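See below for the structure under consideration.
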Amino acid sequence: MRRIRIIIEYLFAFLLVSILILAIFSTVAVKFYGDELQSKVIRVINSKIDTKLYAEQINISIFRKFPSASVVLQDVTIWSSHNFNRREFNDISTDTLFYAETVYLHFNMPDLLRKKYSVKKFEAKNGCIRIFTDTKGEGNYRFLKTSEEKPEQDLSFVLSELDLLDFQYMIDNRLKKLDVTGSIYELKLNGKFYRRDFQLKTQSHFEIWELNNKGILYAENQDVKTKINLDVTDSLFQIIKGSVQFDKIIAETSGNFILSGNGIPDLDISAEAKDININSLTKIIPNSLNKQGMTGQGKADLFVSVSGEFSSTSKPFINADFLTRNVSIAGEYFPFQINKLNLNGNYNNGASRNPLTSSLTIQEFSGEIDKEILQGSFSWTNFLFPRFHIKLNGIIDPAPWVNYFDPPAIASANGKILSELEAKGSFNRQDKDKYPLPELIVDGELTFSNVGIAFKNNLLPMRNISGKVIIRNDVWKPSLTGIYGNSDFTIEGIGLNFISSVLKSGEPVIVSGDFFAEHIDLQEIIQSIPLKSGDNDQGFQFPENLNIRCNFFVTRLEKDHFKSENLKGTITYDPPLIIIDSLSMLTMGGNLSGTIAMAQDRRGDIY
C-alpha cells in the first residue's frame, strides 16, 4: 500500500510540474506573440465576411478557460451586410446583425509555442442577434464572402463546439410579414464540423416572447427546450434521436434534412407527442387566441410533419394531425363546460404555405354539455379572411348560450332544442366596424321541447314552446305551439330574410303564415307593452324592417269586460301601418265585422 501511495504522489507531482511548465511557456508566448495573434484573429475573420467585425478590446487568456487558451473579445459587433433595403425599416435601427459582450475563441496552449493556431471552440455570451429581411427576400445576414481571400496558413478554424449563452433575438421578415422576438438562454452545438462525416449533438433552451405572422399572434411567452443528435454525411443531416419541449409538452422528433450549396435546408422532419395533458396544451395558446380563458383535463395526441425548403423567401409545408380522448373543457368566460369531448382533426398551411391557404379541420367531434350529447364537424379555412363550415347535431340547452351571447331582447331561456344544423360562411376579422359575419348560410332543423323565454323590458314570458323550425338559409318555416303570459298560440308559416336582416343593414324580414289560439288575454298583453305616455319617450316602437301578413283565428278573446269568440281575420303590417281586414267575431250576442287600421308617427304616437 505504501508503494502504491508513493507512485500516486510521484504521478501527481509530475502532472503538476507539467502544467506549471506549460503555463509558464504559454505565459511567455502570450507576452511575445499575443499582439500578433490578436491582430491575426481580426484580420482572418474580416477576410471571411462581407461586412466588418469590431471588438472594443482583445485579450489572450490561458487561465480563464484552462486547459485551453483563448482569445477574449469584448463588446464584439458584426455589422449588417449591405445587400438589403434598409429604407423599409425606418421604424427600427438595422445597423447591427450580431453583438456579444464577450466572445471566446478557444485553442490549445501548445499552439502558442508553435505559432500555428487552430480554433477549436466558439463561445459568445450576453448579446443579441437581429435578423432583417426586406420585401424582396434580401437580408442583413448574408455576410460571408463568396470568394475568399488567400487563407492564413497559421490560423484555421477547426471547430468542434459552438456555444451561445444569454442572447436576445429579433426576426423581422417584411416578405413573409413575420415578426419574432425572444431570448436564447443556451444554444450548444458539438461535433467535428471540419469533417465530412461526423455526429452532431445539439441542445438549446430559449423563449419566444412573440411570434406574429401577418398580424396573427401564434405564440407568446413560450418556453422551448430542444435536444437533438444527428448523423451528418456531406450535406445530409439525419436525426438519430431528438426531443422538443414546449412548456410541459414533450415531442419526439425524427427525419432528416439536406443542406443545399447556398445554405438552404430542405426539410423532411416530424414530431410526435402522445398523452398530452390538455391543461398544458391550453397554457401554450396565446391569450389573443384563448380569450375565454379555457382550461381542461384529459389527453391528446399530436403528430406534426414539416417538409420542403425553409429560408427567408420560402416556407415548408406544415401538417398536423391531432385527436383528444375524454377531454373536459371549461373557461372563465365560456358559456358552459364540455365533458367527454372526443375529436380528431388536422391543421396545415396549404399550397401557398401561409395564413391565406391555412386550414383547420375537425373531421368529427362528440361531447356532453349538461349530460346532453352534441356531435358534429367543423372546418376553418383562410386565417386572414376566414371561412367556416360547421355541422351540429344534438340537444342544446339554450340557457348558457343566452347568458353568454346576451341577445338584445332576451333575458333568459330554458328547455331543450334538438339541433340538426349546418352553417357556413365568412368571418370578418379585418374591419372591426363591420358586422363580424358578412356571409352566413344556414340549413337544417331545430326541434323545440318545452322551451321557455323571458324577455327584457317587462314583456310577458313565453313558455312550453314546442314544435319545429325548418331552416333553408333565409327561408324559415316554423310550426310551433306555446304560451305567452296566459295566452296560448300556434304558429305555422314562412319567414324570409331572417339572416339577411342581421347581416345586411336595412334588409326587411318578411313573414307570412297562420296564427291560431284557444284563448287570448288581450288586456294582459297590452299592459306588458311599454307604450309612450306623457314625457316618456321610451315607449313601444313599431319595428321598421318587418313586413307581416298573417291569417288568425282565436276561439276566445278577452279584454277587461269585453269578450268575443271565433275571432278571425287577416293582419297586414307594412311600416308604419297596421291593417286588420276581413275581421269578424261573435260578441255581445251578435256578429261583428269590419276593418281596423292604425299607424305610428315619428314621435311614437299611435293613431
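Starting from 1, each residue takes its place in the sequence as its number. Please read all numbers here as calculations on a predicted model, not as lab measurements.
- Side-chain N or O atoms of Thr202 include one that pairs as donor or acceptor with a backbone N or O of Ile228 at under 3.5 Å.
- By the side chain to side chain contact (heavy atoms under 4.5 Å, CB included) test, Lys136 pairs with Asp134, sequence neighbours left out.
- In this structure a side-chain-to-backbone donor-acceptor pair under 3.5 Å is present from Glu88 to Thr135.
- At least one side-chain heavy atom of Gln203 sits less than 4.5 Å from a side-chain heavy atom of Glu186.
- For the residue pair Tyr218/Glu220, the side-chain donor-acceptor check at 3.5 Å is not satisfied.
- Taking CD1 of Ile362 as the reference point, atom CZ of Phe378 lies at 7.5 Å (rounded to 0.5 Å).
- From Gln297, atom CD reaches atom NZ of Lys299 across 10.5 Å, with rounding to the nearest 0.5 Å.
- Sparse packing is recorded around NZ of Lys201, with 12 or fewer heavy atoms of other residues, nucleotides or ligands lying under 6.0 Å away.
- A donor-acceptor contact shorter than 3.5 Å links the side chain of Asn354 to the backbone of Thr357.
- Glu161 is not listed as a side-chain neighbour of Lys120, based on a closest heavy-atom distance of 4.5 Å or more.
- Residue pairs satisfying the side chain to side chain donor-acceptor pair (under 3.5 Å) criterion with at least one member in residues 263-279, sequence neighbours excluded, are listed as follows: Ser254-Ser270, Asp275-Arg325.
- Under the 3.5 Å distance criterion, with hydrogens and angles disregarded, no donor-acceptor pair is assigned to the side chains of Gln337 and Ser328.
- Crowding of Phe246 atom CZ: a count of heavy atoms from other residues, nucleotides or ligands under 6.0 Å not exceeding 12.
- Phe198 and Phe193 have perpendicular rings, their planes meeting at more than 60° on a 0 to 90° scale where under 30° would count as parallel.
- Counting only distance, with no hydrogens or angles, the side chain of Asn348 and the backbone of Ser358 share no donor-acceptor pair below 3.5 Å.
- Between Val306 and Pro316, some side-chain heavy-atom pair lies under the 4.5 Å cut-off.
- Between Pro355 and Asn213, some side-chain heavy-atom pair lies under the 4.5 Å cut-off.
- Checking Glu101 against Gln74 by side-chain atom types alone, no donor-acceptor pair falls below 3.5 Å.
- There is no side-chain donor-acceptor pair under 3.5 Å between Thr94 and Ser80.
- Counting heavy atoms from C-beta on, the side chains of Val224 and Glu207 never come closer than 4.5 Å.
- Heavy-atom contacts from other residues, nucleotides or ligands closer than 6.0 Å to OH of Tyr185 number more than 12.
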Stepwise, does the side-chain hydrogen bond (donor to acceptor under 3.5 Å, both in side chains) test hold for Lys121 with Asn190?
-> CA-CA 9 Å; Lys121 177 181 177 180; Asn190 288 278; over 6 Å; no
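- The side-chain heavy atoms of Phe84 and Phe132, taken from C-beta on, include a pair separated by under 4.5 Å.
- Ion pairing of Asp197 with Arg195 is absent here, as no side-chain N (NZ or NE/NH1/NH2) approaches a carboxylate O to less than 4.0 Å.
- Checked against the 6.0 Å centroid criterion, the rings of Phe167 and Phe98 qualify as a close aromatic pair.
- Of the possible donor and acceptor atoms, one in the side chain of Ser260 sits under 3.5 Å from a partner among the backbone N and O of Ile264.
- The closest side-chain donor-acceptor pair between Asn140 and His82, if any, does not fall under 3.5 angstrom.
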Could you go step by step and tell me if Thr226 and Ser204 meet the side-chain hydrogen bond (donor to acceptor under 3.5 Å, both in side chains) rule?
-> CA-CA 5 Å; Thr226 69; Ser204 70; 2.4 Å; yes
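- Arg130 contributes no side-chain N or O that, together with a main-chain N or O of Leu97, makes up a donor-acceptor pair within less than 3.5 Å.
- Of the possible donor and acceptor atoms, none in the side chain of Asp247 sits under 3.5 Å from a partner among the backbone N and O of Gln245.
- For the residue pair Lys214 and Leu384, the shortest heavy atom distance occurs at O-CD2, 3.4 Å.
- In this pair, Phe257 and Phe237 present their aromatic rings parallel. The plane angle is below 30°, not in the 30 to 60° band.
- No salt bridge links Asp75 with Lys125; every basic N to acidic carboxylate O contact stays at or beyond 4.0 Å.
- No side-chain donor-acceptor contact under 3.5 Å links Asn344 to the backbone of Leu323.
- Side-chain atoms of Asn382 come within 3.5 Å of backbone N or O of Phe385 as a donor-acceptor pair.
- For Asn346 (side chain) and Ala320 (main-chain N/O), a donor-acceptor pair under 3.5 Å exists by modelled atom type.
- Across all non-hydrogen atoms, the minimal contact from Phe89 to Thr133 is CZ-O, 3.3 Å.
- No side-chain donor-acceptor contact under 3.5 Å links Tyr347 and Thr361.
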